[in-house]
Amino acid sequence: MTEEIDFYRYPDERGRFGPYGGTFVAETLIAPLEELTAAYTRLRDDPAFQKEFADDLKHYVGRPSPIYHAKRLSARIGGAQILLKREDLNHTGAHKINNTVGQALVARAMGKRRIIAETGAGQHGVATATVCARFGMQCVVYMGAVDIERQKINVYRMKLLGAEVVPVTSGSKTLKDALNEALRDWVGNVVDTFYIIGTVAGPHPYPTMVRDFNAVVGREARAQMLEQFGRLPDVLTACVGGGSNAIGLFHAFLNDREVRIVGAEAAGLGLATGRHAASLAAGRPGVLHGNRTYVLCDDDGQIIETHSVSAGLDYPGVGPEHAFLKDTGRAEYVGVTDEEALAAFHLLCETEGILAALESSHAVAQAIRLARELPKDGLVLCNLSGRGDKDVHTIAQREGFEL
Amino acid sequence: MSATSDSRNGERGTGKDRLGATFARLQARQRTALIPFITAGDPFPDATVDVMHALVDGGADIIELGVPFSDPMADGPVIQHANERALRNKVGVPGILQWVREFRGRDTDTPVVLMGYLNPIAIHGVERFAREAVDSGVDGVLVVDCPIEEDAALQPLRDAGLERILLVAPTTSEPRLASAVEAAEGYLYYVSFAGITGGSKLSAQDIAQRVGDLRRRANVPVAVGFGIKDAASAKAVAAFADAVVIGSALVATLAGAPDREDACVRARRFLAPIRHALDMHRG
């Protein structure tokens, strides 16, 4: 049935991906969202803006990121060839910078000098603080009090970069609450403030804009595959929290029906335990943070607390385009547990000398599963969305190693 | 049960009629409507119905009853904490509708408007929610995160006869204002400043002209909320609005109540001087 759908016709002018997406926000935010949509729509077709963005990606971020053939890992698994799109080699160590560079350029074009952002693991906060330092903009990052405690190094990095980190003590004190608090800040400061959302969620136009800024990942990867391997991969995989690195990789391949697409969600302690963050694999359609999408909530519609070893996947919603890809069958979404992600982290370290982020380790675990199902000449392209230095503390702690 | 049947078929009719009749009565007497907001199930689940009656005793004309949500992104700390307390007590849509039904057992006149976020309604099922809300004696529904662009999501509420209360903010553009005026039911809720609930940026002078303009254009009364916290601020707004909404200040007062009886006393005592100030104003 997906044959008839042209995925590049989405979203519609109201920001809808089929039944998902939209603009479910308080009245006060409609005006700044309309202002942003108008500005972004204009800039998207502005060659000067696109050139500046491309130049920044090349000279500041360090793109293109390579595709690396993980031969020893592939041999160890004994199945298909695992290829890694190395987003971990970007400036600041993850794909997040693609989006913050793009949004900072939009903010500058709109004359906004104060930037706010939410962050979970701190990667998006660091990427935002980075571009603010570069553009001389004021930066306020909202971060759950629980996350501040478990991501101290990133908190300090943000401070070094000149950002103010505001602890969020409401609700579950994690990423979703940081997002609520950033929206509250924005409601009160719509005139001078630009909100850099870190994932493909939130109200229209964020799911589209953040996707567009990350879509460079898939565009590069598609060309690199043809150049290095003479063909497209058999299957793509990426980890999905909010889903920005995943949509970044998937987007260029959506109309290549022969390429299978699999998203890896955080299954935490296991889907059956209820302690996970797998909104697509185990949630239901609802409304959260400005868009209609799959959410993890109870029968009263209350959002439930999620669990994942990786703070960056610890989110009870997911980008609306992923919800649409799931329902249309174009992409599959499966759960990877904490244990499976950690095992993949170690295996990649050991065989290839690459320390992946815990988020990305979920994708590596899924790539390993997929490689086992395919013949030796099969090609599995995995988005290695970030590097794992930030997680060394967490892993040492879990494994009883005193740092 | 008989109360809801009466209100549906009898002289007071559905929610549309109860809100309409309330405003007509008030306008005939040149009286400004007083609309208190409380979070359902806060501070004690078993206090909500009694507190609603106490609010009416204290001078409430319409009651806005907050449906708690885990992620109240347009609310300040006072109402956030009220939501958290209510949710710790497992307050949900079915229980709240039951409380409205109980309230209707003794009060068939005072309109009740449910105010909250979309997800609890969406997960309950919008059509089922609409049907049950009407049956319980709810008159209107205000969904904070469902602007007019997403109106289709709530069409079943209108179909069931519930008033869909819309918000207008200082940032609302002219074309959207025109749509809101066109689609308005029950009353238009004018948000006095760009911010979250419980803020203190209200300036009566700044909004008087805009509210006046809105009143001339709309077929429904205009209520003003956000930043009204006492008799003085209520009276200042009453000079140019059809209704004043008081939320956070009342919720904060109730939060300190040690028990149900005290919560009722606090509700009455909080509202009475405001009522008095409003009635003084229009003589």
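Residue numbering restarts at 1 for every chain, and letters A, B, ... go by the order of the sequence lines.
- Distance check, rounded to the nearest 0.5 Å: CZ of B:F69 to CG of A:L288 gives 6.0 Å.
- Comparing B:A153, B:A122, B:A180, B:P72 by heavy-atom pairs within less than 4.5 Å of chain A, the highest count is held by B:P72.
- For residues 187-195 of chain A, the interface with chain B (any heavy-atom pair closer than 4.5 Å) comprises A:V187, A:G188, A:V190, sorted by residue number.
- Proximity to chain A (any heavy atom under 4.5 Å) is restricted, for B:S173, to the side chain, taken from C-beta onward.
- When the candidates B:H81, B:H124, B:E84, B:Q80 are compared by the number of heavy-atom contacts under 4.5 Å with chain A, B:Q80 comes out ahead.
- No more than 12 heavy atoms of other residues, nucleotides or ligands lie within 6.0 Å of CD in B:E182, so this atom counts as exposed by the packing criterion.
- Most heavy-atom pairs under 4.5 Å with chain B, from the set A:L183, A:D298, A:I304, A:T23: that is A:T23.
- Distance CD/B:E150 to CD1/A:I30: 8.0 Å, rounded to 0.5 Å.
- Atom CD of B:E174 has more than 12 neighbouring heavy atoms from other residues, nucleotides or ligands inside a 6.0 Å radius.
- Side-chain N or O atoms of B:S70 include one that pairs as donor or acceptor with a backbone N or O of A:I303 at under 3.5 Å.
- For B:F129, there are no ring pair (Phe, Tyr, Trp, His ring centres under 6.0 Å) partners, not counting sequence neighbours.
- Contacts of B:V168 with chain A are made by backbone atoms alone, with heavy-atom separations under 4.5 Å and no side-chain atom involved.
- Of the listed residues (A:V287, A:D300, A:L29), the greatest number of heavy-atom pairs within a distance under 4.5 Å of chain B belongs to A:V287.
- Rounded to the nearest 0.5 angstrom, B:Y190 OH and A:E27 CD are separated by 10.5 Å.
- In this structure, the side chain of B:T171 engages the main chain of A:T28 through a donor-acceptor pair within 3.5 Å.
- Top candidate by heavy-atom pairs under 4.5 Å with chain A, chosen from B:V191, B:V91, B:I123, is B:I123.
- Contact annotation: the side chain of B:I196 never approaches that of A:D185 to less than 4.5 Å [non-hydrogen atoms, C-beta and beyond].
- Taking CE of B:M73 as the reference point, atom CZ of A:F24 lies at 10.0 Å (rounded to 0.5 Å).
- For B:D75, the part lying under 4.5 angstrom from a heavy atom of chain A is the backbone only.
- For CD of B:Q155, the number of neighbouring non-hydrogen atoms (other residues, nucleotides, ligands) closer than 6.0 Å is greater than 12.
- Contacts between A:P203 and chain B at a heavy-atom distance below 4.5 Å are absent for every atom of the residue.
- The CD atom of B:E149 sits 9.5 Å away from the CZ atom of A:R16 when rounded to the nearest 0.5 Å.
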